[in-house]
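To start, the structure itself, in structure tokens.
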Amino acid sequence: MARFTAFLILSLVRLAVAIPAYESLAGFDEREINEFVTRNGVAHIPNPPAPLPAGQDGLKLVNDPVHPFIAAGPTDIRGPCPALNTLASHGYLPRNGVARPDQLVTGVMEGLNLGNDFAKFLVYQAFLMNGNPLTNLMSIGMKTPETGPDPPKPALVGGLSQHGTFEGDTSMTRVDAFFGDQAVFNETLFQEFIAFSAKYGFNGTYDLNAVAELRNQRLLDPIATNPELVFTSPRILSAYSEAVFPTIFFVDGRLNNRQLTIDAARHFFDFQMMPTDFHRQPAPVNFTLVNPLVNEIFNKHPFTPGVNHGKNNFVLMPNTPALSDFCGIYEDIVLRVIPGQYPNPNGHLKKVIKKNLDFFFDAVSAEHNCTQVFPYGRDY
Ligand code: HEM
């Protein structure tokens with residue numbers, strides 16, 4: 001027994017030396033990864049949070065004294081999503097910008113009243129592309145050592161700012177990665193947001209009319225200027241959903257008229273701050289509410305996914321699922337995008353990825369009739 005303990009300690013010491021904290025686990029075999037995981041006590045994966053209880057899922061003051069705005073400090077991470085940035089700055093998410101998926105689900109439910117399925121759909125999708133499945137942590141912005149040692153490459157664990165995963169081209173208030181920092185708020189683009197709201201929105205607000213026109217413009221512009229534009233699944237879905245989100249979640253729930261004032265938009269997008277006295281949505285918002293709005297803006301300016309081969313040379317990609325093909329996009333994420341980073345996971349890594357894939361599918365299937373697909377087989 002003593003010999004065994006000594007062996008264990010020795011091997012752990014060896015491992016501690018061999019794997020400096022925060023470095024990639026690439027090159028280590030499955031046993032060493034598992035030992036590392038055991039030693040660090042990481043990768044306990046809690047089940048996704050339940051919906052907010054009835055009676056506690058309604059209209060509520062969310063910019064409250066318990067959740068004061070505190071501007072991000074120099075070591076706090078913020079990224080491309082104005083909602084998550086804001087929630088972190090109010091303490092609905094860890095203020096340092098590194099969070100577990102369950103914290104993210106809870107944070108968006110509590111802070112903005114995302115429905116449970118909808119929250120899980122966004123969070124587990126993002127986590128599978130951008131998080132660290134071993135430590136169960138994800139950065140809401142740039143890649144950081146704070147998410148712990150990475151699984152072997154080609155896993156990226158890049159955080160939400162990682163271009164070409166969840167983050168992609170044609171954002172409304174961020175430039176395409178080809179032009180600069182794709183995660184940071186861009187005032188020039190925000191001026192366009194204001195101009196389109198003034199021209200198309202009711203009383204200068206960002207409403208569904210303004211969304212449809214701005215969203216279309218934000219595709220036409222990069223087609224003309226970004227030689228490396230990529231506008232295919234899964235980015236098409238997030239791009240069109242995110243255009244609609246502010247008309248729902250950033251509008252005070254007491255008014256709830258889907259007309260976002262520029263002042264409120266400035267707060268969320270630029271200041272990463274809820275307006276004073278802000279109330280969240282009066283009821284949890286799920287796909288049933290969001291999907292028709294996305295369809296409506298798509299129908300005003302339909303598009304076919306594609307990529308630029310040089311400026312103004314948009315080559316259609318008819319084989320990537322269309323925006324209307326939700327299950328096709330789900331399958332594309334699970335069978336192409338995720339195996340791109342985890343081509344052949346083993347042991348513990350495989351187990352935790354599969355767990356997150358199951359969480360993701362639960363959310364997908366809650367309001368869509370999709371069939372689960374299994375990139376790594378059904379066995380656990
Ligand atoms: C629940 C989990 C969420 C995750 C993981 C997430 C993640 C992201 C990511 C990765 C982006 C960057 C995409 C890009 O523009 O390239 C993004 C953008 C965006 N997100 Fe979120 N998001 C979440 C929830 C929300 C919610 C609740 C809102 C509500 C308003 C929201 C609003 C937006 C908007 C408006 C953008 C686009 C910014 C722009 O185009 O300038 N997100 N989000």
Side-chain angles (χ1 to χ4, degrees), residues 48-49 62 78-88 92-93 97 99-131 138-142 158-178 181-190 192-193 206 211 214-215 217-219 221-222 229-231 234-251 258 260 264-265 267-270 272 274 278 280-281 284-286 289-290 293-294 360 363:
V62 281
R78 298 292 180 265
C81 177
L84 299 184
N85 290 345
T86 301
L87 291 169
Y92 283 98
L93 297 176
R100 299 189 314 265
D102 56 296
Q103 291 177 312
L104 285 156
V105 172
T106 302
V108 294
M109 288 194 306
E110 289 278 355
L112 293 173
N113 217 350
L114 265 77
N116 183 257
D117 298 326
F118 196 57
K120 289 189 295 188
F121 171 74
L122 292 171
V123 168
Y124 287 101
Q125 176 189 159
F127 183 72
L128 282 156
M129 294 194 250
N130 299 138
M138 179 168 74
S139 157
I140 65 166
M142 66 187 180
L160 288 183
S161 303
Q162 177 73 52
H163 178 62
T165 54
F166 198 132
E167 196 291 321
D169 291 331
T170 80
S171 305
M172 295 178 300
T173 65
R174 271 74 176 158
V175 297
D176 287 1
F178 178 79
D181 187 339
Q182 70 276 15
V184 71
F185 173 80
N186 179 285
E187 181 62 35
T188 310
L189 285 174
F190 192 63
E192 194 175 1
F193 180 105
Y206 182 72
V211 175
L214 180 65
R215 196 43 265 169
Q217 179 60 31
R218 289 303 301 129
L219 177 56
D221 178 15
L229 168 70
V230 175
F231 202 63
R235 172 59 183 151
I236 48 173
L237 180 60
S238 66
Y240 271 63
S241 316
E242 288 157 6
V244 166
F245 286 174
T247 68
I248 307 169
F249 299 104
F250 292 168
V251 174
R258 309 263 185 273
L260 178 66
H267 273 77
F268 281 100
F269 279 95
D270 185 7
Q272 310 180 354
M274 293 177 180
F278 185 75
R280 71 183 185 194
Q281 283 289 289
V285 173
N286 269 312
L289 195 149
V290 176
L293 302 180
V294 171
F360 180 43

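The figures that follow rest on heavy atoms only: side chains count, while hydrogens, waters and symmetry mates do not. Each ligand, and each atom within it, is numbered from 1 in the order the structure gives. Throughout, residue positions are numbered sequentially from 1 according to the sequence presented.
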**Asked** Near E167, which atoms of ligand 1 are under 4.0 Å from a heavy atom of that residue?
**Response** 13 (C), 16 (O)

**Atoms of ligand 1 close to P82 [distance to a heavy atom under 4.0 angstrom, numbered from 1]** = 19 (C), 20 (N), 33 (C), 34 (C), 35 (C), 36 (C), 38 (C)

**Request:** Provide the number and element of each atom of ligand 1 under 4.0 Å from a heavy atom of P80.
**Result:** 12 (C), 18 (C), 38 (C)

**Prompt:** Should the proximity of R235 to ligand 1, defined as any heavy atom under 4.0 Å, be assigned to the side chain, the backbone, both, or neither?
**Reply:** side chain

**Message:** Is L104 close enough to touch ligand 1? Criterion: a residue heavy atom under 4.0 Å from a ligand atom.
**Reply:** no

**Item:** Identity and separation of the nearest protein heavy atom to atom 10 (C) of ligand 1
**Value:** F166 CD2, 3.4 Å

**Asked** Nearest to atom 32 (C) of ligand 1, what protein heavy atom do you find, and at what distance?
**Response** F245 CD1, 3.7 Å

**Residue pair Q182 / P80: nearest heavy atoms and the distance that separates them** = O-CB, 4.3 Å

**Request:** Using modelled atom types only, decide if a donor and an acceptor are shared between the side chain of D176 and the backbone of F178 within a distance under 3.5 Å.
**Result:** no

**Request:** Any atoms of ligand 1 less than 4.0 Å from a non-hydrogen atom of T173? List them with their elements.
**Result:** 39 (C), 40 (O), 41 (O)

**Prompt:** Step by step, would you call E192 with L189 a side chain to side chain contact (heavy atoms under 4.5 Å, CB included)?
**Reply:** CA-CA 5 Å; E192 194 175 1; L189 285 174; 3.6 Å; yes

**Prompt:** Which heavy atom in L289 sits nearest to a heavy atom in L293, and how many Å separate them?
**Reply:** O-CG, 3.6 Å

**Request:** Looking only at protein heavy atoms, identify the closest one to atom 26 (C) of ligand 1 and say how far it is in Å.
**Result:** A83 CB, 3.4 Å

**Message:** Side chain, backbone, both or neither: which applies to L84 and ligand 1 if a contact is any heavy-atom pair less than 4.0 Å apart?
**Reply:** side chain

**Prompt:** For ligand 1, which part of L189 has a heavy atom less than 4.0 Å away: the side chain, the backbone, both, or neither?
**Reply:** neither

**Message:** Among all protein heavy atoms in this structure, tell me which lies nearest to atom 23 (C) of ligand 1, with the distance rounded to 0.1 Å.
**Reply:** C81 SG, 3.8 Å

**Request:** State the atoms of ligand 1, each with its element, that fall below the 4.0 Å cut-off from a heavy-atom position in V108.
**Result:** 1 (C)

**Item:** Nearest non-hydrogen partners of A119 and V108, listed with the distance
**Value:** CB-CG2, 3.5 Å

**Request:** Assess the pair F269 and F193: is the distance between their ring centroids shorter than 6.0 Å?
**Result:** yes

**Item:** Residue F250 vicinity, atoms of ligand 1 by number, heavy atom under 4.0 Å
**Value:** 29 (C), 30 (C)

**Prompt:** For ligand 1, which atoms, with element, lie under 4.0 Å from some heavy atom of V123?
**Reply:** 1 (C), 2 (C)

**Polar side chain donor-acceptor pair, R235 to S171, under 3.5 angstrom** = yes

**Message:** I'd like to check which ligand 1 atoms, numbered from 1 as shown, lie under 4.0 Å from a non-hydrogen atom of G168.
**Reply:** 14 (C), 16 (O)

**Prompt:** What protein heavy atom is closest to atom 40 (O) of ligand 1, reported as residue, atom name and distance in Å?
**Reply:** M172 N, 2.7 Å

**Prompt:** Can you tell me the protein heavy atom closest to atom 17 (C) of ligand 1 and the distance?
**Reply:** E242 OE2, 3.2 Å

**Request:** Please work out whether any backbone atom (N, CA, C, O) or any side-chain heavy atom from C-beta onward of A126 is under 4.0 Å from ligand 1, and answer side chain, backbone, both or neither.
**Result:** side chain

**Message:** Heavy atoms only, cut-off 4.0 Å: how does F268 contact ligand 1, side chain, backbone, both, or neither?
**Reply:** neither

**Fill in**
Candidates L87, L122, N113; heavy atom nearest atom 1 (C) of ligand 1 found on L122

**Request:** May I ask you to decide if E167's main-chain N or O and Q162's side chain share a donor-acceptor pair within less than 3.5 Å?
**Result:** no

**Prompt:** Hey, is the main chain of A183 close enough, under 3.5 Å, to the side chain of R174 for a donor-acceptor pair?
**Reply:** yes

**Asked** Nearest heavy-atom pair of P234 and T165: which atoms, and what distance?
**Response** CG-O, 4.4 Å

**Item:** Shortest protein heavy-atom distance from atom 15 (O) of ligand 1, along with the residue and atom involved
**Value:** S171 OG, 2.6 Å

**Between F245 and F118, ring centroids under 6.0 Å** = yes

**Message:** Between ligand 1 and S238, can you find any atom pair, the residue atom being a heavy atom, that is separated by under 4.0 Å?
**Reply:** no

**Backbone of R78 reached by a side-chain donor or acceptor of N85 within 3.5 Å** = no

**Prompt:** To the nearest 0.1 Å, how far is atom 27 (C) of ligand 1 from its closest protein heavy atom, and which atom is that?
**Reply:** L114 CD1, 3.2 Å

**Spacing of F121 atom CZ and N116 atom CG [to the nearest 0.5 Å]** = 14.0 Å

**Asked** Is the distance between the ring centroids of F268 and F250 under 6.0 Å?
**Response** yes

